[in-house]
Amino acid sequence: MANSRKSQSPDLVAVVESILKRTVLPGERLVLGLSGGLDSVVLLHVLKRISPVANSSFSCLHVNHKISPNASTWAGFCSELCEKWHVPLKVVEVDISPHLSSGMEAAARIARYAAFEKVAAEHVVLAQHQDDQAETLLLQLFRGAGPKGLSAMGESTRFEGRTVLRPLLGISRKTLEAYARENQLEWISDESNSDQRFDRNFVRHSLFPLIGERFPGFRETLARSSRHFSEAALLLDELAAIDAAGAIIGKTLNASRLRELSKERAKNLLRHYLAENHVRMPSASRLEEMLKQFSAARQDAAISMAHDGLEIKCYRGQVCIVEPFSSCSGLCRVWHGESRMPVPELGGELLFEQGVDGLDPAKLVEPVTVRVREGGERFRSAQNRPEKSLKNLFQECGIPPWQRSRLPLLYCGERLVWVPGIGLDPQYRAQKGWLPRWEPILS
């Protein structure tokens with residue numbers, strides 16, 4: 001554990017207090033991400049001293065990634081520190097293995113943010129500082145990020161219904177070290193921070209000293225550049241919102257709008273659409289391919305592209321995002337007259353209400369079952385219309401192919417009597433009867 005002695009430092013308390021006063025309302029809950037390192041220990045000490053926190057519920061969360069052999073020691077240090085300072089602490093162990101394909105650092109970050117999603121607080125407070133911001137900007141630049149990625153981290157951002165606050169973004173690590181010495185704080189040191197196999201550590205330990213020799217104020221300069229990129233990203237978002245008017249409705253995007261715009265604006269709109277639906281941004285080449293296929297799609301074409309564990313599809317000029325679906329072939333569930341019938345296999349529930357032009361209860365003498373499409377089904381939707389294949393009826397009604405296997409079909413005995421989006425068998429209609437309605441949960 002590191003230790004410190006007294007020294008002069010700027011008034012961190014005033015800086016952090018000013019930032020929190022702009023966002024935190026009295027009575028709102030804050031949770032600080034406490035790793036036990038210098039940055040988060042300093043921020044914890046500062047938060048203990050400022051008035052906005054005094055009027056709010058304040059606690060800490062320590063995420064144990066179980067990567068280092070010292071992880072349990074760090075958790076113990078945080079527990080002792082919070083007990084000493086009378087701050088509530090929750091320690092959460094996470095499993096990063098499902099995310100390792102993204103790299104160790106990214107996997108830890110994903111698992112950590114998943115833990116923050118579950119905290120009961122209006123605000124999550126993180127201790128990232130000016131050096132972290134400069135590192136992030138350079139790493140994003142090396143990855144070829146656009147304005148949004150080069151905005152790096154924001155002082156205040158929204159995340160899963162709460163605000164993420166980073167009140168130290170304008171503060172250098174040297175200033176934090178000076179504050180720690182002045183207040184005789186102790187903290188832990190993560191041995192992996194010196195391992196230059198990790199990109200961030202290479203930037204911190206190899207690139208920064210070299211850059212600092214020629215450009216001593218580069219951290220402040222990079223922070224300013226990040227703010228410029230942030231402004232540019234906001235303008236692009238505003239432009240996308242203008243282009244999205246009337247083109248994005250719910251989870252669908254009208255592909256014709258992509259054709260009307262310049263290539264650059266069309267890509268910007270497509271990014272906006274994906275971001276609005278919480279889809280991870282594709283690579284530049286992948287986005288280019290999406291735009292090419294969706295813009296050139298014929299009205300009768302059905303296009304599907306896999307991305308981020310989802311399927312992005314285009315049908316009849318409408319782009320939509322669909323979750324993968326496993327076939328439920330052979331499904332057969334009996335309806336016993338209940339008003340609500342959950343069908344989790346299809347991702348929704350059937351509702352039954354009494355109403356005009358419903359299924360005649362007197363004719364439902366054989367078991368009524370819920371099944372799925374197997375192929376070859378035929379159906380007549382009106383007395384004056386011929387019987388047609390279900391495939392043709394789906395096409396006529398514009399029901400996308402990926403939804404067809406997810407629709408519950410209602411049978412009386414072996415006769416198909418109701419199809420969602422198409423209607424009732426006219427021979428089973430009554431002036432007053434059961435009106436089925438399908439309420440899907442999945443897209």
Side-chain angles (χ1 to χ4, degrees), residues 1-2 4 9-65 71 74-94 109 111-130 132-133 153-171 173 175-188 190:
M1 293 183 188
S4 53
S9 66
D11 189 356
L12 269 183
V13 176
V15 172
V16 174
E17 183 173 27
S18 174
I19 291 170
L20 293 190
K21 275 184 174 178
R22 296 198 295 265
T23 308
V24 181
L25 299 175
E28 289 187 330
R29 297 163 295 179
L30 296 90
V31 61
L32 168 67
L34 182 66
S35 67
L38 168 71
D39 319 331
S40 61
V41 168
V42 166
L43 186 51
L44 173 57
H45 189 268
V46 170
L47 291 175
K48 280 284 292 176
R49 297 172 59 186
I50 61 178
S51 57
V53 177
N55 297 325
S56 304
S57 171
F58 169 50
S59 62
C60 292
L61 175 69
H62 175 80
V63 179
N64 182 352
H65 302 90
W74 302 340
F77 169 79
C78 292
S79 296
E80 291 175 10
L81 181 64
C82 287
E83 184 177 355
K84 175 182 174 183
W85 289 355
H86 308 291
V87 177
L89 170 72
K90 183 176 183 180
V91 176
V92 176
E93 293 188 355
V94 296
R109 182 172 59 253
R112 185 164 59 250
Y113 272 80
F116 281 122
E117 283 183 39
K118 299 174 183 176
V119 300
E122 285 76 28
H123 308 280
V124 173
V125 188
L126 302 179
Q128 286 136 335
H129 49 75
Q130 193 176 72
D132 295 323
Q133 182 78 304
M153 297 175 286
E155 185 181 274
S156 174
T157 56
R158 295 295 294 172
F159 169 73
E160 297 298 329
R162 53 183 60 82
T163 304
V164 177
L165 299 172
R166 299 178 177 90
L168 301 181
L169 275 187
I171 308 297
R173 180 178 173 86
T175 300
L176 300 180
E177 290 171 345
Y179 181 94
R181 286 193 299 271
E182 181 180 317
N183 292 278
Q184 299 184 340
L185 303 182
E186 291 185 342
W187 63 90
I188 59 174
D190 184 342

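The structure presented is a predicted model; accordingly, all values stated were derived computationally and were not measured.
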>> Run the side-chain contact (heavy atoms from CB on, under 4.5 Å) test on Phe116 and Leu126 for me, step by step, so that the C-alpha distance in whole Å, both residues' side-chain angles and the decisive distance to 0.1 Å come before the verdict.
In response: CA-CA 11 Å; Phe116 281 122; Leu126 302 179; 3.8 Å; yes
> Does the pair Leu47 and Val87 meet the rule for a side-chain contact (heavy atoms from CB on, under 4.5 Å), with working shown?
Replying inline: CA-CA 10 Å; Leu47 291 175; Val87 177; over 6 Å; no
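- Without hydrogens or angle criteria, Ser40 side chain to Ser35 main chain gives a donor-acceptor distance under 3.5 Å.
- With rounding to the nearest 0.5 angstrom, the CZ atom of Phe58 is 5.0 Å from the CG atom of Leu32.
- Separation of the Phe159 and Tyr113 ring centroids falls under the 6.0 Å cut-off.
- Arg109 CZ to His65 NE2: the interatomic distance, rounded to the nearest 0.5 Å, is 10.0 Å.
- Shortest non-hydrogen contact noted between His129 and Ile171 is CB-O, 3.1 Å.
- Considering only heavy atoms from C-beta on, Trp187 stays 4.5 Å or farther from Val42 through its side chain.
- Side chain of Arg162 to main chain of Glu117: a donor-acceptor pair is present (N/O by atom type, distance under 3.5 Å, no hydrogens or angles).
- The two residues Val31 and Cys60 come nearest to each other via the heavy atoms CG2-C, 3.8 Å.
- A salt bridge links Arg173 to Asp39: one of the charged nitrogens lies within less than 4.0 Å of a carboxylate oxygen.
- A donor atom on one side chain and an acceptor atom on the other are not found under 3.5 Å apart for Thr163 and Ser156.
- The structure places NZ of Lys90 at 14.0 Å from SG of Cys82, a figure rounded to the nearest 0.5 Å.
- The side chain to side chain contact (heavy atoms under 4.5 Å, CB included) test applied to Ser18 returns Arg22, not counting sequence neighbours.
- Atom-to-atom distance recorded for Phe77:CZ and Leu34:CG is 8.0 Å, nearest 0.5 angstrom.
- To the nearest 0.5 Å, atoms CG (Leu61) and CZ (Arg112) are separated by 10.5 Å.
- Using a 4.5 Å heavy-atom cutoff, the side chains of Leu176 and Leu12 are in contact.
- Using a 4.5 Å cut-off on side-chain heavy atoms (C-beta onward), Val15 and Pro167 make no contact.
- Looking only at distances, a side-chain donor or acceptor of Arg158 sits under 3.5 Å from a matching main-chain atom of Gly161.
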